[in-house]
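Below you'll find the structure, written out as structure tokens, and then a few comments.
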4 protein chains.
Amino acid sequence: MAWLPLSGKRTLGCQDVPVAKAQRSGRPRDPGVEQRALSAARAVYAERGWSGFSLDEVARRSGIGKGSLYLRWPDKAALLVAAVRERARFIAEIDTGSLRGDLVEFARGWRDYLRTDEGALIFRLGVDATFSPQLAEAFAEDPYPEHIRATRAIIRRGLARGELPEGTSVALVADLVAGAVTNHVHTTPAHLLDAQSPDRVDELVDVVLAGTQKRSEVPSGTSDL
Amino acid sequence: MAWLPLSGKRTLGCQDVPVAKAQRSGRPRDPGVEQRALSAARAVYAERGWSGFSLDEVARRSGIGKGSLYLRWPDKAALLVAAVRERARFIAEIDTGSLRGDLVEFARGWRDYLRTDEGALIFRLGVDATFSPQLAEAFAEDPYPEHIRATRAIIRRGLARGELPEGTSVALVADLVAGAVTNHVHTTPAHLLDAQSPDRVDELVDVVLAGTQKRSEVPSGTSDL
Amino acid sequence: MAWLPLSGKRTLGCQDVPVAKAQRSGRPRDPGVEQRALSAARAVYAERGWSGFSLDEVARRSGIGKGSLYLRWPDKAALLVAAVRERARFIAEIDTGSLRGDLVEFARGWRDYLRTDEGALIFRLGVDATFSPQLAEAFAEDPYPEHIRATRAIIRRGLARGELPEGTSVALVADLVAGAVTNHVHTTPAHLLDAQSPDRVDELVDVVLAGTQKRSEVPSGTSDL
Amino acid sequence: MAWLPLSGKRTLGCQDVPVAKAQRSGRPRDPGVEQRALSAARAVYAERGWSGFSLDEVARRSGIGKGSLYLRWPDKAALLVAAVRERARFIAEIDTGSLRGDLVEFARGWRDYLRTDEGALIFRLGVDATFSPQLAEAFAEDPYPEHIRATRAIIRRGLARGELPEGTSVALVADLVAGAVTNHVHTTPAHLLDAQSPDRVDELVDVVLAGTQKRSEVPSGTSDL
DNA sequence: CGGTAATCGAGACGGTACGTCGCGTCTTCGA
DNA sequence: TCGAAGACGCGACGTACCGTCTCGATTACCG
């Protein structure tokens with residue numbers, strides 16, 4: 001298993017030159033500029049946060065002209081999205097053989113990732129994107145966050161192997177696992193998260209799995225409301 | 001039961017006058033100013049989001065001098081937090097008698113609330129607060145979001161009534177229910193949410209309850225699954 | 001006699017606050033800002049010329065925010081015009097008693113003034129204003145350059161005293177004196193101007209006066225063309 | 001006599017290829033490029049003035065690469081000087097036989113030329129050059145404006161023919177005639193210039209000639225007037 | 001006739017200034 | 001003293017140009 005940087009084919013928000021095919025005319029864009037910009041953007045963001053995230057500073061630090069930045073990204077939000085996504089991209093190449101193993105692996109990875117600067121940012125960007133038209137556009141190409149996609153794939157595999165009762169909703173299980181972990185990280189004070197035994201999220205997965213199992217046995221639960 | 005606007009006595013971030021005793025001297029503060037400011041702040045935030053949230057605009061719209069705003073809130077983050085919280089406050093006076101009933105009630109209410117403008121605001125603000133030190137500080141006095149507090153209260157009552165196995169972690173169940181609902185709302189496209197049968201969240205609660213039940217039967221969490 | 005700074009009543013391009021009468025409301029403009037700005041503008045212009053004249057630099061040097069500058073002048077041209085005019089204003093309070101004395105006084109003063117940084121600028125601004133709509137607007141309130149007005153006044157006095165033949169065109173004499181001096185300064189290399197005896201411009205005046213005198217004697221000159 | 005466009009052999013600021021001898025190797029320069037560039041430069045300068053004179057715009061309009069422009073002129077000032085001079089060049093081939101005739105011819109021509117777009121351009125450029133070191137350098141090779149040279153030649157001829165008293169300063173007379181005409185054009189509102197009888201400048205010349213004549217009669221310049 | 005070398009249009013590059021806008025503070029008047 | 005108004009210093013925004021550079025394509029000559 002691994003959190004691998006995505007060998008992505010997508011440009012990730014970095015504006016393509018209008019022409020589709022190879023080089024058109026004029027001096028070609030220096031690919032190094034893009035890399036330096038994204039790296040400087042991450043550095044500035046890490047130091048000063050979003051409110052202190054200034055394109056002027058990115059330009060100053062990377063030695064890139066502002067013009068060249070605006071040639072690639074339409075505004076500072078887009079640059080930040082690209083910068084963070086580049087690193088945030090991973091494919092949960094999780095395959096322990098069992099559903100539980102996969103989910104535990106995922107839950108731990110996601111928890112740790114969320115506590116990372118990059119993870120925190122990508123998550124928040126996802127939320128902001130729901131609200132900000134500006135950000136939403138930058139995010140539009142890829143509406144489903146990576147972690148949601150990853151969980152669903154794992155669950156589908158489990159279903160195929162018969163580890164989950166037939167008819168179990170993939171989305172439902174995914175919401176439970178990913179949502180619970182996210183909620184956990186965002187509502188637990190940092191010092192408690194640090195102190196916490198690693199099996200906190202394991203328990204979480206167990207409850208979910210037990211729940212789906214049990215429900216298939218007792219048809220309609222305590223539905224006497 | 002009800003989602004009641006809190007008849008709060010708390011000042012909610014609105015700075016008290018330095019002197020402890022009531023009025024000191026000079027012209028007393030106009031209470032209308034506070035209301036107009038908060039209302040204008042909500043309007044601006046809704047229209048332009050955090051990055052476009054400008055105190056100058058709030059002042060312009062409400063006809064309040066910037067001085068008067070800074071007399072009450074230390075910076076624009078504090079004003080926004082106060083503005084959103086004022087409306088967002090509710091107490092889940094949920095008491096159906098059974099744990100499942102309460103949780104289902106809560107899950108439905110939270111789901112609907114999240115899709116509300118106000119709910120979206122408070123949720124986003126919470127996320128923003130995780131990242132902006134400025135906002136975080138404004139949030140610090142009251143770190144736990146309302147919905148988390150509400151869920152925990154419900155679960156504690158259930159534990160007391162013996163509806164949950166002894167030793168069940170309150171935080172864990174709360175994370176599962178609240179997190180799953182939140183995740184559900186934010187990762188499901190709007191049109192699917194609309195079309196969805198109301199018992200989507202009911203199922204969710206059932207799985208969680210079944211999970212906690214089952215786990216108490218099988219000794220070890222790291223089962224043979 | 002003297003080249004006196006004009007005790008001007010005009011605001012000279014510094015934008016008035018919209019309201020006509022005294023103070024309206026809000027914090028009043030700091031008059032010191034205007035002074036510091038104009039002075040810094042002159043300094044920057046002197047050092048770097050028009051092409052290096054940067055508002056950013058003026059702001060930096062004077063410790064004034066760019067916002068405050070743009071509150072007063074619509075663009076950098078207007079600021080420079082104001083800065084230069086403030087110093088350039090003079091009233092040729094020339095009154096030696098005789099026409100020749102006045103004209104000589106004026107011619108010397110104008111020659112020396114033109115060789116000044118400020119004088120050179122005001123002259124060039126006047127020329128540029130003939131061509132640039134932007135500058136023209138800034139200059140519009142005062143189409144006649146100061147030196148033209150001054151010369152005409154002197155000549156009119158001379159006419160009144162009978163020192164010039166009746167019917168002599170004021171404009172014609174003014175063009176001759178002011179134009180010749182201007183042309184002289186702008187076409188003579190600097191080192192020659194420095195070396196030159198002061199009576200160079202005196203001669204000039206004498207030729208003009210002699211010419212007007214003679215023409216009144218011999219009706220139509222050598223008009224045999 | 002005539003105001004002839006100069007059939008100039010001079011390169012006029014257009015940089016020679018470093019090698020003295022004709023063509024070295026490689027593709028020869030396209031002569032059309034130079035013409036298109038100068039013409040576009042004049043158009044841009046006429047429309048937007050010096051401050052709005054942008055090489056990018058010249059390149060865009062003429063369809064010439066910026067590289068090709070910098071191959072020919074070292075900077076935008078040089079391009080502009082070349083562009084304006086190309087059209088502005090004339091040789092005052094004036095020879096009516098008499099000094100007065102020549103001067104009147106010159107004065108009329110200069111007056112009309114100044115009111116021309118081209119004349120205005122070259123005049124303004126000359127003034128700008130006095131102030132912008134960049135422009136001045138571009139002008140340096142040819143410091144005396146065409147009209148000054150022309151007047152001086154005329155006057156020298158007059159002196160040689162004995163039409164002026166011996167010892168009369170050529171520069172002085174030239175300043176008077178050329179300066180007065182220039183001043184006249186630039187300080188008289190356009191509608192008055194239009195309405196004006198053509199002999200306005202004739203008078204001017206007469207005064208100057210009369211003045212020089214008279215002065216030779218009365219011994220001391222510093223007369224008793 | 002193929003190679004070499006300069007030119008051509010195009011446009012990216014690092015900079016710097018533009019003119020605008022917002023923050024949080026300050027300073028006035030009138031209530 | 002508060003409240004409205006708005007000036008203040010600061011600094012980021014996104015745009016436009018400068019003068020340089022690097023592309024591929026073109027066009028002469030030279031061997």
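Treat the numbers as computed from the prediction; the structure is a model and nothing was measured. Chain naming here is simple, since letters A, B, ... match the order of the sequence lines and numbering starts at 1 in each.
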What is the distance, to the nearest angstrom, from the [atom1] atom on [X] to the [atom2] atom on [N]?
X	N	atom1	atom2	value
D:Leu79	F:dG19	CG	C1'	13 Å
D:Lys76	F:dT20	NZ	C1'	16 Å
A:Lys66	E:dC13	NZ	P	16 Å
C:Phe53	E:dC18	CZ	C1'	13 Å

Nearest-nucleotide 5' precedence on DNA chain F, B:Gly63 against A:Arg60:
B:Gly63
Using a cut-off of less than 4.0 Å, is there contact between a side-chain N or O of [X] and OP1 or OP2 of [N]?
X	N	answer
C:Arg72	F:dC8	yes
C:Ser68	F:dA7	no
A:Arg29	E:dA10	no
C:Ser54	E:dC18	yes

Out of [options], whichever nucleotide has its closest atom nearest the side chain of [X]:
X	options	value
B:Arg36	F:dA4, F:dC18, E:dG24	F:dA4
D:Asp56	E:dA17, F:dA7, F:dC18	F:dC18
D:Arg27	F:dC8, F:dG19, E:dC8	E:dC8
C:Asp30	E:dG19, F:dC8, E:dC8	F:dC8
D:Tyr70	F:dT20, E:dC18, F:dC8	F:dT20

Any donor and acceptor pair, going by atom type alone, linking the side chain of [X] with main-chain N or O of [Y] inside 3.5 Å?
X	Y	value
A:Arg42	A:Ala83	yes
A:Asp56	A:Ala59	no
C:Ser62	C:Val58	yes

Touch check for D:Arg61, heavy atoms < 4.0 angstrom, all strands: base, sugar-phosphate only, or nothing?
nothing
Taking for D:Val33 and for B:Leu55 the nucleotide of DNA chain E with the nearest heavy atom, the one nearer the 5' end belongs to D:Val33
